[in-house]
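Predicted, not measured: the structure shown is a model, and the values here were computed from it. As a basis for the values below, the full set of heavy atoms in this structure was taken, side chains included, without hydrogen atoms, waters or symmetry mates.
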Amino acid sequence: MEINQLIYFKTVAETEHITRASEQLKITQPALSRTIHRLESSVGTELFDRENNRITLNDAGRVFLKHVKTALNEIEDGKNEVLVMKGLIRRKIRFSITESGFIAAPLVSYLLKHPEVHIQQTIQSIDEMRESLEKGEVDFSISFSPMESEAIEWVPLVSEEILAFVGMKHPLSKETSISLNDLRNERFIFNNSSYNIRKIICDYCRRIGFEPDIIYEGFENEVGDKLLEHSMGFLFVPSTAYVFHVKEFPSPKIRGRPLRIKDGIGTRTMGILLKRGYRLSIAAKDFYDFLLQYFDSPEGKSLELIFPNDRG
């Protein structure tokens with residue numbers, strides 16, 4: 001049994017069409033048909049049903065295809081590992097996220113440990129993620145919104161609180177928690193990299209009867225920090241982005257005091273989206289496992305770091 005026979009069989013099995021398969025493989029139809037017949041003789045049974053010039057996988061073919069895919073993937077992984085070992089290629093990881101900022105700390109931690117890896121990160125909407133996952137253009141995606149699809153699997157990573165930061169000169173800086181109702185006459189600050197947070201906060205304010213007075217929303221983090229320093233508004237930040245920034249990058253820029261939000265709306269869950277049945281490369285699987293470990297039970301650790309005397 002030759003590797004080319006397995007490759008030809010896989011192509012015919014996936015297309016269920018000799019003509020299209022021969023075009024993809026760039027060989028003649030008679031040569032392809034002869035190769036498939038020789039493979040069936042080697043296996044000891046027919047792998048396709050043939051009727052009126054149609055060719056479809058039978059039960060034996062479906063079982064064999066599963067093992068052929070595994071074998072070919074292992075061979076490809078082995079070839080790539082040798083090339084990586086020889087320094088001829090770098091391991092590559094492709095993933096997308098819905099918003100920037102919250103993944104910076106684990107990315108730095110991973111790359112410091114694995115400088116041989118090439119990570120390609122893109123920002124996508126949920127619809128763009130679905131298309132990229134289905135086409136295999138990314139290994140996985142990270143989002144705060146689960147995807148309603150039988151083809152996509154959602155693996156929760158971490159639930160985090162949304163924190164309200166207040167300037168140290170503001171009267172409310174002596175508190176440890178606030179209600180959004182207390183901020184009716186205050187100004188709000190948002191970083192547009194956390195659009196999901198802005199929507200959660202603003203929708204709740206409207207439900208309780210007021211329109212939030214947004215003094216700034218944009219991508220310049222320094223603007224929000226300076227406004228906080230002068231007590232000109234409340235900045236809303238996800239807890240993990242702040243906590244892991246403190247742990248991984250000492251001297252955080254946020255010039256204010258974090259307050260917990262008492263209204264019960266300040267929680268969101270981040271998770272990984274995977275195409276069901278998609279086989280992650282060795283590098284992608286390693287990064288996936290790293291993320292699961294990195295965010296393992298961070299809620300207690302994060303809140304303990306920010307509010308060491310608050311066990312609630």
Side-chain angles (χ1 to χ4, degrees), residues 3-17 20-21 24-25 47 56-57 59-84 89-100 102-103 106-107 109-111 113-114 116-158 269-296:
I3 290 178
N4 273 349
Q5 289 178 331
L6 301 182
I7 294 172
Y8 291 179
F9 165 74
K10 177 175 176 288
T11 305
V12 174
E14 290 175 340
T15 61
E16 293 193 327
H17 199 285
R20 284 200 294 268
Q24 287 185 28
L25 295 166
L47 302 171
T56 58
L57 271 177
D59 290 341
R62 281 187 284 273
V63 170
F64 190 63
L65 176 62
K66 180 177 67 174
H67 293 282
V68 166
K69 286 182 175 180
T70 299
L72 292 176
N73 284 332
E74 287 294 330
I75 292 170
E76 186 66 22
D77 286 346
K79 183 178 72 175
N80 288 335
E81 282 298 292
V82 169
L83 293 175
V84 168
I89 64 169
R90 299 175 69 186
R91 291 188 176 94
K92 187 173 183 179
I93 301 166
R94 306 161 304 161
F95 76 97
S96 60
I97 60 176
T98 48
E99 55 188 73
S100 63
F102 61 87
I103 202 71
L107 271 175
S109 291
Y110 188 80
L111 285 170
K113 295 175 183 176
H114 302 279
E116 78 284 358
V117 170
H118 170 206
I119 292 182
Q120 182 181 12
Q121 172 190 337
T122 56
I123 297 178
Q124 294 183 318
S125 67
I126 286 293
D127 289 338
E128 289 171 333
M129 282 183 173
R130 178 183 288 106
E131 184 175 353
S132 292
L133 287 167
E134 290 176 350
K135 290 182 177 179
E137 295 173 344
V138 295
D139 296 304
F140 55 80
S141 298
I142 302 175
S143 170
F144 287 100
S145 301
M147 189 178 294
E148 296 182 3
S149 170
E150 293 183 358
I152 306 297
E153 179 183 4
W154 162 263
V155 181
L157 267 181
V158 59
T269 299
M270 177 172 68
I272 295 179
L273 297 167
L274 293 157
K275 181 181 178 181
R276 294 187 190 278
Y278 179 79
R279 188 175 185 275
L280 293 174
S281 67
I282 292 175
K285 180 65 166 60
D286 186 66
F287 184 51
Y288 170 82
D289 291 339
F290 170 83
L291 289 176
L292 293 179
Q293 181 179 0
Y294 189 93
F295 287 107
D296 181 39

Do the non-hydrogen side-chain atoms of [X] and [Y] ever get within less than 4.5 Å of each other?
X: V138; Y: L133; result: yes
X: S96; Y: E128; result: no
X: L47; Y: L65; result: no
X: I75; Y: K79; result: no
X: Y294; Y: I103; result: no

Residue list, side-chain contact (heavy atoms from CB on, under 4.5 Å) with [X], at least two apart or on another chain:
X: Q5; result: M1, E2, T35, R38, L39
X: E14; result: K10, K69
X: P156; result: W154, T269
X: A71; result: none

Taking atom [atom1] of [X] and atom [atom2] of [Y], what is their separation to the nearest 0.5 Å?
X: L157; Y: F144; atom1: CG; atom2: CZ; result: 9.5 Å
X: R130; Y: S149; atom1: CZ; atom2: OG; result: 6.0 Å
X: I142; Y: F95; atom1: CD1; atom2: CZ; result: 5.0 Å
X: I152; Y: I126; atom1: CD1; atom2: CD1; result: 10.0 Å
X: I7; Y: L25; atom1: CD1; atom2: CG; result: 8.5 Å
X: L111; Y: E116; atom1: CG; atom2: CD; result: 9.0 Å

What closest approach, in Å, do [X] and [Y] show between heavy atoms, and which atom pair accounts for it?
X: K92; Y: Q120; value: CE-OE1, 3.4 Å
X: R20; Y: T15; value: NH2-O, 3.6 Å
X: Q121; Y: L107; value: OE1-CD1, 3.0 Å

Quiz item: In this structure, which one of T122, I97, L273 forms a side chain to side chain contact (heavy atoms under 4.5 Å, CB included) with S141?
Solution: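 Of the listed options, the one satisfying the test is L273.
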Only pairs under 3.5 Å count here: list side-chain donor-acceptor contacts from residues 282-291, not counting sequence neighbours, and write none if there are none.
from	atom 1	to	atom 2	distance (Å)
K285	NZ	D289	OD1	3.1
K285	NZ	D289	OD2	2.8
D286	OD2	Y110	OH	2.6

Checking [X] now: which residues fulfil side chain to side chain donor-acceptor pair (under 3.5 Å) with it, not counting sequence neighbours?
X: R279; answer: E74, D77
X: T11; answer: none
X: E131; answer: K135

Self-check item: R94 side-chain N/O to G136 backbone N/O, donor-acceptor pair under 3.5 Å
Solution: yes
Quiz item: Is there a donor-acceptor contact under 3.5 Å from the side chain of H114 to the main chain of V117?
Solution: no
Practice problem: Output all residues satisfying ring-ring contact (aromatic ring centres under 6.0 Å, His included) with F9, sequence neighbours left out; order by chain, then residue number. | Solution: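 F9: ring-ring contact (aromatic ring centres under 6.0 Å, His included) contacts with F48, F64.
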